[in-house]
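Beneath this line is the structure, given in structure tokens, with notes to follow.
Indexing begins at 1, ligand by ligand and atom by atom, following the structure's order.
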Amino acid sequence: MQQAAIALQSSSWHGAHLHTRPQAGRRQHARRGAAVQPQAAFAQIGHTDTSHMSSAGSSSSSSQREAKRLPIAYSPEWMALREHTKEVESLHLRDLLVDEERTDSLVREHNGLYVDFSRQNVTETTMQLLLNLAERAKLRTKMNAMFAGEHINNTEDRAVLHTALRMPRDEEVYVEGENVVPDVWSVLDKIKDFSDRVRDGEWLGATGKPLTDVVAIGIGGSYLGPLFVHTAMQFDEPCKELARGRRLRFLANVDPVDVAKALNGLNPETTLVIVISKTFTTTETMLNARTVRTWLTAELGQEAVAKHMVAVSTNLKLVREFGIDPENAFGFWDWVGGRYSVTSAVGILPLALQYGFEKMEEFLQGAHDIDCHYRDAPFQDNIPVLMGLLSIWNSTFLGRSSVAVLPYCQALAKFPSHIQQVAMESVGKQVSVDGEPLPFKAGEIYFGEPGTNGQHSFYQLIHQGRVVPCEFIGVVKSQQSVYLKGELVSNHDELMCNFFAQADALAIGKDSVTLRAENVPEYLIPHKTFSGNRPSTSLLLPSLSPYRVGQLLALYENRVATQGFMWNVNAFDQWGVELGKVLASRVRTMMHTARTRSRRITITDGFNPSTRKMINRYLDGKNQMLYPEPQDIFPCDLIHSEECEAKF
Ligand SMILES: O=P(O)(O)OC[C@H]1O[C@H](O)[C@H](O)[C@@H](O)[C@@H]1O
């Protein structure tokens, strides 16, 4: 009784508004989270889970300590949702979608964004039960702790404050007693100054030429986000104009083919290289950085590094050791996770060089707008919270293990891969923040492609195979307008016709009665039947300006944070990527030994038979590199020197 009353008081689905009021322009009180009294909230709902807090009350009894360890999966709110799945599984979206009142209650708007959750397998009760679960999970307290700079990344003892990266200059947020917003802005000011100078031709290359091309070297979080934003902005007319005569390339993979691709057709004299790595230790990035440095210096000499190479990192010591003047480095902080770093210098520097700093400011403002909405809006109107809760519902309760992100917008082609890292690296976890095994599966498999391409590829499975919750993203005003005389609709309208049709095809399906009425032969009826009842969310953006791209980014970042808070996992560490790195390093040592012997050697131990045989096969087959005299080898078209031409 007590819990139900509190849920209605703080997060009631019944009181949900159709439209939420825009939060833009509201002054942010970043420190307010610090004032929240977690223990008071604990007492209020009689809740025993304080596990996410850095320090529990000193008066905890042993039973409280025991209760503290109880995962949310044993709470009555969780059980209620489990029980409720039976009711929902007996309903079909075909029937639910005729109810206009239900649709209205499941649409949310915020500052130009329109999000329709009506094609989710939910009823009003589902939404209320999910809000109750959010109360039980202490979602608000956890969100406040994040915004307040508490060390919620407990395994690395770090704050999680990517939201501070997009705060206006006059905001305040404190990490260990220090307001970090001035630091954020000092780096942004430095980026503005540097990118203006490069773009205006004041900062010249070693031979006095303007630097018109940029190669950004980085991987994972130091690559996917900037690539997504670059792809999104490339054909926005104002951005396109601002980027005229400039090229931005990315180099991520340690595969030398990616080096060839990134440098293809570039001239070292006019190329600026940015080495982007939070740690400045990532093997792939550092080898690529050394490779491109060799490409530069082979033609321009060692001194060229000062004019042609800059860095983005938290590790200025290693930047210096690499040979880049820390004056030419753009810092960020350990409270910015790699996959949450697009709004730090990681993304802002390369993108400001390409499009100008003002456009990047718009992008930051869009992200900040959503951060404010996430922090302030009541849960029933809070779009990232609702997206997160529905993800929990679909994956953990209804057992749907994947999510398809389907932008009907070619400019968002790289968005699914970026979100794939944000989501899968954040919440693909096996234990809770306390290290206790999870009694449920956390995380989902994210994939996606722009529509309509995906329709001609994997949509078969999502229509008639497994149930995959889909997220359709459409844009009202395209960045490009094409309408051919004599065509029924413009090209963008054609694209969007598919956006509308696919969501309904998934939800409504097509039954045998309809097929028979269409005289479909009996033997084909099972093949042509669409069961429907497949959930999706549709998100409509007014346009794809840098501001809207910023909103979209923050929407998904905050949605993933919500999922982490709900599942009580640490969404900000990534221990699961370590083991492969360690094993690769063992193989590297062996590979060096094998390659530097004068005679071919065969690996006989140190690896399991499968790996050993495969390695021996590889060593036998690959002999084009002449160890032990490694040399800096580049294909001729990558190096502009007569010496090279003579050599090859
Ligand atoms: O930016 P870096 O330190 O080079 O890290 C690059 C990437 O490497 C990793 O292994 C992590 O899984 C990613 O989260 C990270 O973004």
Side-chain angles (χ1 to χ4, degrees), residues 152-153 155-156 158-162 165 187 215-230 250-255 258-259 262 273-293 309-322 324 326 329-351 414-415 417-430 443 445-446 553 556-557 560-561 564 569-585 587-588:
I152 62 168
N153 176 355
T155 62
E156 296 178 302
R158 290 174 182 170
V160 175
L161 268 180
H162 46 277
L165 298 169
V187 175
V215 177
I217 305 175
I219 199 164
S222 295
Y223 156 64
L224 291 162
L227 176 67
F228 135 59
V229 180
H230 173 50
F250 291 90
L251 169 54
N253 199 338
V254 76
D255 186 336
D258 210 20
V259 180
V273 176
I274 314 175
V275 185
I276 307 176
S277 175
K278 179 175 170 179
T279 54
F280 231 68
T281 58
T282 303
T283 313
E284 294 92 330
T285 300
M286 297 325 296
L287 181 54
N288 277 335
R290 292 191 294 275
T291 306
V292 176
R293 181 178 60 189
M309 289 189 93
V310 299
V312 175
S313 185
T314 57
N315 195 336
L316 297 183
K317 182 172 169 279
L318 291 186
V319 169
R320 186 196 297 275
E321 280 170 27
F322 180 85
I324 294 176
F330 299 81
F332 63 114
W333 306 270
D334 70 1
W335 40 262
V336 182
R339 55 193 172 274
Y340 298 93
S341 67
V342 198
T343 50
S344 74
V346 166
I348 303 301
L349 178 63
L351 295 161
K414 298 294 175 189
F415 184 61
S417 359
H418 175 55
I419 295 310
Q420 185 175 59
Q421 188 200 7
V422 172
M424 294 175 73
E425 201 170 68
S426 295
V427 291
K429 302 287 164 67
Q430 59 189 357
I445 300 153
Y446 272 70
L553 170 78
Y556 273 76
E557 284 181 348
V560 170
V569 299
N570 183 344
F572 309 104
D573 62 9
Q574 59 285 317
W575 298 106
V577 301
E578 295 304 320
L579 179 59
K581 291 183 192 172
V582 174
L583 296 187
S585 139
V587 181
R588 187 181 307 120

Gln574: which residues meet the side-chain contact (heavy atoms from CB on, under 4.5 Å) condition with it, sequence neighbours left out?
Glu156, Arg339, Glu425, Val577
Considering only protein heavy atoms, which is closest to atom 3 (O) of ligand 1, and at what distance to one decimal place?
Thr279 OG1, 2.6 Å
Pairs of nitrogen or oxygen atoms closer than 3.5 Å, one from Lys581 and one from ligand 1: do any exist?
yes
Among all residues two or more places apart in sequence or in another chain, which pass the side-chain contact (heavy atoms from CB on, under 4.5 Å) test with Arg320?
Pro326
Which of the listed options, Glu425, Lys278, Glu578, holds the heavy atom that is closest to atom 14 (O) of ligand 1?
Glu425
Indicate yes or no: does Lys429 engage Asp573 in a salt bridge with an N to O separation below 4.0 Å.
yes
Under 4.0 Å between heavy atoms, the region of Val577 that gets near ligand 1 turns out to be side chain
Please determine if Gly338 has a nitrogen or oxygen closer than 3.5 Å to a nitrogen or oxygen of ligand 1.
no
Looking only at protein heavy atoms, identify the closest one to atom 16 (O) of ligand 1 and say how far it is in Å.
Gly221 N, 2.8 Å
Looking only at protein heavy atoms, which one is nearest to atom 7 (C) of ligand 1, and what is the separation?
Ile219 O, 3.8 Å
Who's the nearest protein heavy-atom neighbour of atom 5 (O) of ligand 1, and how far?
Thr282 OG1, 3.4 Å
Please confirm whether Gln574 comes within less than 3.5 Å of ligand 1 when only nitrogen or oxygen atoms on both sides are compared.
no
Number the atoms of ligand 1 from 1 as they appear, then name those within less than 4.0 Å of a heavy atom of Gln421, with their elements.
13 (C), 14 (O), 16 (O)
With under 30° as parallel and over 60° as perpendicular, where do the rings of Tyr340 and His162 fit, or are they tilted in between?
parallel
Do you see a donor-acceptor pair shorter than 3.5 Å between the side chains of Thr314 and Trp333?
no
Tell me whether the rings of Phe415 and Phe228 are parallel (<30°), tilted (30 to 60°) or perpendicular (>60°).
tilted
A cation-pi test, strictly: NZ or CZ of Arg293 under 6.0 Å from the centre of the six-membered ring of Phe322 and no more than 45 degrees from its axis. Yes or no?
yes
